Each structure stands twice: as C-alpha cells, then as structure tokens.
Amino acid sequence: MVTLLLDQTQLEVVLSPVERAASFRRENLRIVRETIVKVQLTDDPWTWLRGVPGPGTHLPGLLAAGTWKGAATTDFVLLRRRRPSVVIDLEGDVEFQRLLFTTRNGLALTQALRLDVSEELVDVAEIAQTAPIPVVRGRQRPVIRPRPA
C-alpha cells in the first residue's frame with residue numbers, strides 16, 4: 001500500500017520498491033496540491049479504469065500498476081484486488097489527469113486536504129489524527145442476538 005505525504009504545496013505518493021518495479025516508475029509521484037480537483041473513495045476501483053494499460057503490470061482483478069492511457073487522458077494506477085481505494089482527479093497536472101490507488105488512508109487523505117498543514121511533508125494518517133475534525137469510522141452494525149425462550 002502506498003504511503004501518502006502532504007505539505008502546504010504538494011501531495012507525495014511514496015512507492016515501495018516492489019510498487020516501483022510493477023509500475024515501471026523510478027520516482028515517487030509528486031502532485032501539486034492546487035491541481036487536485038476532486039478526491040473520491042471507492043470500494044470497487046476496477047470500475048474507474050479507463051483506457052488501455054501502458055507501461056506497467058496488469059493482472060485483471062489482482063493487480064494494476066503503471067500508466068493507463070485513454071484518448072485524451074493519462075492516469076496513474078496502483079490497484080490491488082478489491083480493496084478500498086482513492087480516485088483523485090487532477091486538472092492542470094503535467095503528467096496525469098487521474099490517480100487511482102489502493103490505500104487504507106483514503107478518509108484521512110480527504111480530511112487532511114481540507115486542513116492547513118505544515119511546510120514539511122507529513123503522513124496523512126498523522127495529520128488526520130491531530131485534526132480538530134473527528135475521523136468518523138464506518139457505522140458498526142448492531143449485534144442481533146436471539147431472544148431467550
């Protein structure tokens with residue numbers, strides 16, 4: 001899973017060595033914060049894929065990593081199985097129009113982007129923990145127990 005770092009000017013998506021190899025990418029993704037238009041959380045990221053895989057790795061339903069190119073779009077994708085993911089739409093970025101990646105910190109990312117953060121890069125999970133806005137975890141289902149006879 002990717003690590004997300006955020007400061008006042010940029011979002012950095014830190015890739016592990018395995019993720020770099022799978023996506024055929026040498027460096028981390030650095031996205032100017034002003035180019036982020038929309039952030040969405042999804043449980044089924046495979047429906048968000050558009051275009052055809054470019055340089056990278058694609059095992060349908062298991063792993064999609066690398067660049068996906070459409071008619072007028074270029075997306076960076078790093079998806080693993082059917083896990084919760086984040087879709088980030090960009091406008092004005094030099095390299096990509098959309099980012100799709102699997103992460104546990106999607107909710108923390110959306111909250112951290114709303115806050116004023118420090119000038120140095122900090123993990124979005126840490127930002128969300130120190131935020132005055134409480135992080136709402138998913139609603140727990142009530143436990144249904146049989147009535148005693």
Side-chain angles (χ1 to χ4, degrees), residues 1-140:
M1 304 255 178
V2 297
T3 302
L4 304 172
L5 302 176
L6 184 69
D7 69 4
Q8 290 179 349
T9 60
Q10 71 179 357
L11 169 68
E12 184 171 347
V13 181
V14 180
L15 304 173
S16 71
V18 172
E19 292 166 340
R20 288 175 196 241
S23 63
F24 288 57
R25 188 160 181 93
R26 293 178 189 231
E27 298 179 356
N28 295 332
L29 292 169
R30 288 180 181 84
I31 305 300
V32 177
R33 196 169 171 178
E34 294 172 355
T35 63
I36 298 174
V37 177
K38 186 171 28 173
V39 178
Q40 300 175 62
L41 305 177
T42 181
D43 287 331
D44 188 12
W46 297 91
T47 60
W48 288 87
L49 290 175
R50 59 185 182 184
V52 295
T57 305
H58 182 227
L59 302 169
L62 294 176
L63 176 69
T67 304
W68 285 66
K69 296 181 181 183
T73 61
T74 304
D75 301 341
F76 179 79
V77 176
L78 187 55
L79 302 177
R80 294 183 182 167
R81 304 200 180 196
R82 303 241 181 245
R83 295 185 178 162
S85 300
V86 175
V87 180
I88 301 175
D89 290 320
L90 306 172
E91 189 173 292
D93 188 68
V94 176
E95 198 171 1
F96 300 111
Q97 283 76 39
R98 182 184 283 172
L99 306 176
L100 286 100
F101 49 86
T102 302
T103 182
R104 292 185 190 118
N105 299 322
L107 185 59
L109 173 64
T110 58
Q111 289 185 330
L113 285 170
R114 291 186 211 151
L115 302 172
D116 292 328
V117 294
S118 67
E119 292 182 9
E120 53 187 57
L121 290 169
V122 181
D123 191 350
V124 295
E126 292 177 22
I127 295 171
Q129 288 175 354
T130 60
I133 303 169
V135 175
V136 179
R137 302 286 179 200
R139 196 175 121 202
Q140 294 184 351

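Just so we're clear, the structure is a prediction, and the values are computed from it rather than from any experiment. Heads up: numbering here begins at 1 and tracks the sequence.
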Review point. Considering only heavy atoms from C-beta outward, does the side chain of Leu4 approach that of Val14 to under 4.5 Å?
Key: no
Review point. With a 4.5 Å heavy-atom cut-off, do Asp75 and Arg50 have their side chains touching?
Key: yes
Point to revise | Atom pair CG (Leu109) and CG (Leu41), whose distance is rounded to the nearest 0.5 Å | key: 8.0 Å
Review point. Any side-chain heavy atom of Thr67 sitting closer than 4.5 Å to one from Lys69?
Key: yes
Practice item. Taking atom CD of Glu34 as the centre, report whether more than 12 heavy atoms of other residues, nucleotides or ligands fall under 6.0 Å from it. Key: no
Review point. Would you say the side chain of Val13 lies within less than 4.5 Å of the side chain of Phe101, judging by non-hydrogen atoms?
Key: yes
Practice item. Only one of Val77, Leu78, Leu63 passes side chain to side chain contact (heavy atoms under 4.5 Å, CB included) with Thr57; say which it is. Key: Leu63
Review point. Looking at CG of Leu11 and CD1 of Ile36, how far apart are the two atoms once the value is rounded to the nearest 0.5 Å?
Key: 5.0 Å
Practice item. Side-chain contact test, heavy atoms from C-beta onward, threshold under 4.5 Å: evaluate it for Val32 versus Asp93 and give yes or no. Key: no
Check your understanding: Going by distance alone, is a donor N or O of one side chain under 3.5 Å from an acceptor N or O of the other, for Ser85 and Thr102?
Key -> yes
Exercise for review: Give a yes or no on whether the backbone of Thr74 and the side-chain of Gln97 come within a donor-acceptor separation of less than 3.5 Å.
Suggested key: yes
Point to revise | Heavy-atom neighbours of Arg30 CZ exceed 12 at 6.0 Å | key: yes
Revision key, fill the gap. Taking every heavy atom of Pro45 against every heavy atom of Leu79, the minimum-distance pair comes out as CB-CD2, 3.6 Å
Point to revise | Pairwise side-chain contact, Thr3 with Glu12, heavy-atom cut-off 4.5 Å (strictly under) | key: no
Practice item. I would like to know whether Thr35 and Val37 meet side chain to side chain contact (heavy atoms under 4.5 Å, CB included); could you show each step before the answer? Key: CA-CA 6 Å; Thr35 63; Val37 177; over 6 Å; no
Point to revise | Check: Ala108 main-chain N/O paired with Asn105 side-chain donor or acceptor under 3.5 Å | key: no
Point to revise | Shortest non-hydrogen contact between Thr47 and Asp44, atoms and distance | key: OG1-O, 3.0 Å
Review point. Is there a donor-acceptor pair under 3.5 Å between the side chain of Arg81 and the backbone N or O of Arg83?
Key: no
Check your understanding: Got Arg98 and Trp48 here, is their nearest side-chain heavy-atom distance under 4.5 Å?
Key -> yes
Review point. Quick one: does Arg20's side chain have a donor or acceptor within less than 3.5 Å of a partner on Leu15's backbone?
Key: yes
Review point. Below 4.5 Å, heavy atoms only, C-beta onward: do Trp68 and Leu49 meet side chain to side chain?
Key: yes
Practice item. Determine, step by step, whether Leu29 and Phe76 satisfy the side chain to side chain contact (heavy atoms under 4.5 Å, CB included) criterion, reporting the C-alpha distance in whole Å, the side-chain angles of both residues, the deciding distance to 0.1 Å, and the verdict. Key: CA-CA 9 Å; Leu29 292 169; Phe76 179 79; 3.2 Å; yes
**Study point:** From CA spacing to verdict: side chain to side chain contact (heavy atoms under 4.5 Å, CB included), Glu19, Val2
**Key:** CA-CA 8 Å; Glu19 292 166 340; Val2 297; 3.9 Å; yes
**Study point:** CD-CG distance between Gln10 and Asn28, expressed to the nearest 0.5 angstrom
**Key:** 10.0 Å
Revision key, fill the gap. All heavy atoms of Arg25 vs all of Glu95, minimum pair found to be NH1-OE2, 3.0 Å
Review point. Would you call the rings of Trp46 and His58 parallel, tilted or perpendicular if under 30° counts as parallel and over 60° as perpendicular?
Key: tilted
